[in-house]
Protein chains: 2
Amino acid sequence: MKSFIETIRSIEVESPVDKIIGQLKQLITSGQLQPGDRLPAERILAEKFGVGRSYVREAILKLEFYGLLRTNPQSGTYVSGLSIKVLDNIITDIIKFNKEDFNALLEARYYLELDAVKLAAERRTAQDLVNLKEAMIDYENKINSNQDAIEEDMLFHIAIARATKNSVIESMILILIPDLIKNIVESKICGDNRGKLAIAEHRNILTAIENQDIDAAENAVAAHLNDMFQISKAGFSAQNIINDN
Amino acid sequence: MKSFIETIRSIEVESPVDKIIGQLKQLITSGQLQPGDRLPAERILAEKFGVGRSYVREAILKLEFYGLLRTNPQSGTYVSGLSIKVLDNIITDIIKFNKEDFNALLEARYYLELDAVKLAAERRTAQDLVNLKEAMIDYENKINSNQDAIEEDMLFHIAIARATKNSVIESMILILIPDLIKNIVESKICGDNRGKLAIAEHRNILTAIENQDIDAAENAVAAHLNDMFQISKAGFSAQNIINDN
DNA sequence: TACCAATTATTGGTTAACCAAATATAGAGA
DNA sequence: TCTCTATATTTGGTTAACCAATAATTGGTA
């Protein structure tokens with residue numbers, strides 16, 4: 001009896017929303033709707049598709065999650081660029097959701113940046129090295145004159161992300177880092193001399209990337225991010241103790 | 001004048017929807033709402049939050065999109081355990097026009113999943129092992145009876161992501177994997193016997209996670225994803241040759 | 001003819017009412 | 001006391017009407 005029931009396939013009832021999404025996606029990917037174009041009004045679409053407006057709205061909402069569409073209130077719904085940037089919306093959402101889960105954000109950043117620096121060491125171009133060096137020196141100047149160097153620090157890390165030549169990883173880091181650094185500074189996790197210590201660490205990272213020494217690059221970043229990594233690790237351990245009870 | 005305009009931050013108007021999402025997410029991550037629990041009815045939530053029901057619906061839709069909730073019509077909205085959206089593979093459909101970005105996505109998935117499995121091996125609970133084993137066996141049954149096993153494959157990988165206990169990494173994988181796997185299968189990048197090969201690979205991954213052998217787990221996933229990794233790697237190499245000219 | 005202000009029409013946003021399916025309840029019968 | 005059935009209630013789904021912001025139109029003025 002069981003073997004028979006196993007063979008029954010679940011009936012795929014394609015909901016009206018999925019049908020609308022499919023058609024809109026088709027219109028966009030086929031080029032009939034270009035980025036910047038305005039979609040017909042929701043009421044018109046509903047009539048054309050022969051469904052209620054709420055279905056159309058739901059479909060549009062979902063496509064907005066992906067960043068495929070952008071809605072301007074009282075004006076219309078527009079096709080936005082269909083590049084890798086569609087992921088940006090999703091990444092932003094994920095980070096927004098997990099704003100409260102600081103440990104998870106720290107940890108994700110740690111591992112992402114380790115991945116990134118390995119790729120950067122492998123693929124960095126001469127231009128990347130110039131950019132990295134520039135960002136590094138800007139940072140050092142600010143620190144040495146006792147100025148705030150948050151932005152410069154960020155730019156150095158972003159320069160690493162750029163050098164990966166991986167647009168997805170770059171986007172993830174680009175979105176994640178500013179959010180994190182803001183939090184780190186506000187919560188004063190780092191002591192006052194952290195900035196000075198970071199100078200040498202940045203130099204180590206750059207040297208390893210320049211030499212295309214992947215292992216050294218990974219170790220250098222791991223050392224640089226170690227403080228934060230320990231915080232997140234401690235957080236997760238605490239979590240586990242709670243769960244084990 | 002420009003420097004002045006630069007300092008203006010975009011005003012973060014937290015929409016009612018974002019507030020609701022934040023609160024619901026908190027309830028879930030804090031454990032006050034466990035997987036399988038039913039949320040209060042939409043009308044009740046709307047009243048509690050002091051907003052219209054449509055806002056609540058929109059928030060639920062988004063959380064459903066990110067795999068945190070599951071809605072059963074006329075029954076209620078539940079906190080989701082392992083689940084996937086079988087929605088159209090929108091991300092890959094959009095970016096497959098740009099080969100470079102597609103490779104970047106493959107590569108990002110590769111590194112993300114390596115990170116994930118390391119964390120999973122470290123932190124997996126007994127329940128995680130049960131979930132993983134169940135997902136693995138479901139997959140094997142489907143493959144051995146020559147059935148389509150895309151969904152089961154996805155669920156195995158998502159079970160790994162869940163075992164990381166890192167909601168940021170989990171969310172990213174939850175969004176990327178179904179989209180990618182569906183696309184890979186549909187485009188027949190892999191041969192017909194790929195499914196059978198994957199059985200042994202899945203077993204290796206599970207064993208390593210069970211033994212909390214982090215290195216073995218990483219290697220097992222690397223072996224499992226090697227085909228795709230080679231594709232992305234080849235893409236990046238080709239890119240470099242172009243750049244070097 | 002060119003420009004501007006007032007008006008009109010159209011847009012997405014929002015609400016409230018209604019629907020059918022799922023569930024909980026109550027009561028009859030064994 | 002237990003089980004089953006009929007009923008009532010609750011649920012998410014759906015519709016239609018209304019709202020305010022925007023865009024288009026119109027008419028008048030310089």
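A note on names: the letters A, B, ... follow the listed sequences, proteins ahead of strands, and every chain is numbered from 1.
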Ranking A/Gly52 and B/Thr77 by the position along DNA chain D of their nearest nucleotide, the one closer to 5' is B/Thr77
Classify the ring geometry between B/His202 and B/Phe156 as parallel (under 30°), tilted (30 to 60°) or perpendicular (over 60°).
-> parallel
Could you give the CZ-to-P distance, from B/Arg38 to D/dT10, as a whole number of Å?
-> 11 Å
Length of the line joining B/Glu47:CD and C/dT15:C1', which is rounded to integer Å = 15 Å
Test side-chain contact (heavy atoms from CB on, under 4.5 Å), reference B/Ile184, set B/Leu106, B/Ile231, B/Asp179, B/Thr92, output is B/Leu106
Side-chain donor/acceptor contact of A/Arg43 with base of C/dG12 under 3.5 Å | yes
B/Tyr55 has a side chain; which of D/dG13, C/dT14, C/dG13 sits nearest to it?
-> C/dT14
Distance only, no hydrogens: is a donor on one side chain within 3.5 Å (strictly under) of an acceptor on the other, for B/Ser167 and A/Asp101?
-> yes
Nearest-nucleotide pick for A/Ala41, side chain only, options being C/dA17, C/dT11, C/dT14 | C/dT11
Atom CD1 of B/Ile20 to atom C1' of C/dT14: distance rounded to whole Å?
-> 13 Å
Quick one: sort the B/Tyr66 and A/Phe65 rings into parallel, tilted or perpendicular, breaks at 30° and 60°.
-> tilted
Take the protein atom CZ of B/Arg70 and the nucleotide atom P of D/dT11, then report the distance between them rounded to whole Å.
-> 17 Å
Between A/Tyr78 and A/Val17, which has a closest nucleotide on DNA chain D that is more 5'?
-> A/Val17
Given D/dG12, D/dA20, D/dT14, which nucleotide is nearest the side-chain atoms of A/Gln74?
-> D/dA20
Presence of B/Arg53 side-chain N/O under 4.0 Å of D/dG12 phosphate oxygens OP1/OP2 = no
Distance below 4.0 Å between A/Ser75 side-chain N/O and D/dA23 OP1 or OP2 = yes
C/dG13 C1' sits how many Å from A/Ile60 CD1, rounded?
-> 12 Å
Atom pair distance, as rounded to whole Å: CG in B/Leu45 and P in D/dT11 = 10 Å
Could you state the CZ-C1' distance from A/Arg57 to D/dT14, rounded to the nearest angstrom?
-> 14 Å
From the candidates D/dG12, C/dT11, C/dT14, the one with an atom nearest any side-chain atom of B/Ser54 is C/dT14
Does a salt bridge link B/Arg203 with B/Glu140, judged by any charged N lying under 4.0 Å from a carboxylate O?
-> yes
Have a look at B/Thr71 and say if it touches a base, only the backbone sugar-phosphate, or nothing, with a 4.0 Å heavy-atom cut-off.
-> sugar-phosphate
To the nearest angstrom, how far is B/Glu42 atom CD from D/dT10 atom P?
-> 16 Å
